[in-house]
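The structure under discussion appears below in the form of structure tokens.
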There are 2 protein chains.
Amino acid sequence: MSQVSPDAIERLLSRRGYRLTAPRRNLLEVMASLGDHFSADAVVGAAPEVGRATVFRTLRLLQDLGVVCQVVLDDGTLAYRLAPEEHHHHALCVECGSVEDFSSPALESVLREVEEATGFSVEAHRLELYGRCAACRAASN
Amino acid sequence: MSQVSPDAIERLLSRRGYRLTAPRRNLLEVMASLGDHFSADAVVGAAPEVGRATVFRTLRLLQDLGVVCQVVLDDGTLAYRLAPEEHHHHALCVECGSVEDFSSPALESVLREVEEATGFSVEAHRLELYGRCAACRAASN
DNA sequence: CAGATACTGACACTGAGTCTCGATTGCGAC
DNA sequence: GTCGCAATCGAGACTCAGTGTCAGTATCTG
Ligand SMILES: [Mn+2]
Ligand SMILES: [Mn+2]
Ligand SMILES: [Zn+2]
Ligand SMILES: [Zn+2]
């Protein structure tokens, strides 16, 4: 469940047969510097040397590799996030804007119950929580 | 958990002090005719007499009233849906494209456990399932 | 170090949603 | 009924997100 370093991602890229290009290295650094989630255009803005199309291509590639995931904000817009390769969900703080990953075996097993009850076979799912993080709650006690 | 009729929504609008205008009536009919979920532009296309801005304004109003909800498709794009006012989630069939609502008390109680374990206080959440519906599974047995 | 080809960047394009502002219109008051 | 006026509307320009094309460039393999 730990953060993936740009370095490790570079190794993953070449291991999978993708080329290690300057734009890709560049974008990995930028994303790591942008905090816990970022919009596509924030990346574009922070990497002026890299073309727009390349930013979107790279975002998609990294999603396919499982090291970038989408975050659905409360208004429905999408953000992106360097994320652990494992399955996880997001808890978004509406006060400070932070995103935390979490996973819950109990939750996954409830989904299996839903499958049995409804006949729907779940191949993938997405769960986002919106609320206030522990730090913000402590602060405004 | 039942479908909300255009008529009932019209009554809801005036009860809340909103005007019953021709564009609003028109859009409610159109949405009811568009099936279980639809894009904003599908509504625009199906209601040529109504201005684009009004379509988006009306979508937002109906979301605020709780009779339209967002559906996050598997690629992250948003669709809309005339939906029950109660809290619910979506099961999207990747084969036939249908959307079904469901709710699960067990799931909600797991979220309360997550709250206690993490200190994050959940004010809202969003869960979408992607898979194959019972009908499609039966068909391609 | 050369060649095949994966990758890039400029640019034009689509789709989704917002904003402004002058023109309409629904509806409560009379 | 009709009057007044705030609520609403429509046109259109604008922003932001993402895609497709295509000629040029750079990476990796041999
Ligand atoms: Mn899960
Ligand atoms: Mn729920
Ligand atoms: Zn917070
Ligand atoms: Zn189906």
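Chain letters run A, B, ... following the sequence lines, proteins first and then strands; every chain starts at 1. Side chains included, hydrogens not; waters and symmetry mates left out as well; all remaining heavy atoms used. Keep in mind the model is a prediction, meaning the values are calculated, not measured.
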Separation of [N] [atom2] from [X] [atom1] (nearest whole Å):
{"X": "A/L13", "N": "D/dT27", "atom1": "CG", "atom2": "P", "answer": "14 Å"}
{"X": "B/L78", "N": "D/dA17", "atom1": "CG", "atom2": "P", "answer": "13 Å"}
{"X": "B/L73", "N": "D/dG18", "atom1": "CG", "atom2": "C1'", "answer": "15 Å"}
{"X": "A/L20", "N": "C/dT8", "atom1": "CG", "atom2": "C1'", "answer": "15 Å"}
{"X": "A/D75", "N": "D/dA17", "atom1": "CG", "atom2": "P", "answer": "11 Å"}

query: Which pair of heavy atoms, one from A/F56 and one from A/A40, lies closest together, and at what distance?
result: CE2-CB, 3.5 Å
- prompt: What heavy-atom pair brings A/Q70 and A/H90 nearest, and what distance separates the two atoms?
  reply: O-CE1, 3.2 Å
Provide a list of protein-nucleic acid N or O atom pairs under 3.5 angstrom, restricted to nucleotides 22-25 of chain C.
residue : atom : partner : partner atom : Å
C/dT25  : O2   : B/R19   : NH1          : 3.4

query: 5'-most contact on DNA chain C: B/R60 or A/G17, nearest heavy atom basis?
result: A/G17
Contacting residues from [range], given that a heavy atom lies under 4.0 angstrom of DNA chain C:
{"range": "residues 23-30 of chain B", "value": "none"}
{"range": "residues 61-72 of chain B", "value": "none"}
{"range": "residues 36-57 of chain A", "value": "A/E49, A/V50, A/G51, A/A53, A/T54, A/R57"}

- prompt: Should B/R132 and A/E123 count as side-chain neighbours, where that means a heavy-atom distance under 4.5 Å?
  reply: yes
message: Quick check: do B/L62 and B/V67 have side-chain heavy atoms less than 4.5 Å from each other?
response: yes
field: Greater than 12 external heavy atoms within 6.0 Å of A/E116's CD
entry: no
task: Count the heavy atoms belonging to other residues, nucleotides or ligands that lie under 6.0 Å from OH of B/Y18, then report whether that count exceeds 12.
output: no
field: Under-4.0 Å side-chain N/O to phosphate OP1/OP2 contact, B/Y80 with C/dG17
entry: yes
message: Under the rule for side-chain contact (heavy atoms from CB on, under 4.5 Å), what residues qualify as partners of B/E115, not counting sequence neighbours?
response: B/R112, B/S121, B/V122
query: Are A/R126 and B/D74 within salt-bridge range, i.e. N to O under 4.0 Å?
result: no
message: Whether B/D64 and B/R60 form a salt bridge (side-chain N of Lys/Arg under 4.0 Å from carboxylate O of Asp/Glu) is what I want to check.
response: no
- prompt: Does a donor on one side chain and an acceptor on the other come within less than 3.5 Å for B/T77 and B/D75?
  reply: yes
- prompt: How are the rings of B/H125 and B/H87 set to each other: parallel, tilted or perpendicular (split at 30° and 60°)?
  reply: perpendicular
Side-chain (B/T54) to main-chain (B/V50) donor-acceptor, under 3.5 angstrom: no
task: Would you mind listing every salt bridge (Lys or Arg N to Asp or Glu O under 4.0 Å) that reaches into residues 16-44 of chain A, with sequence neighbours excluded?
output: A/E10-A/R25, A/D41-A/R52
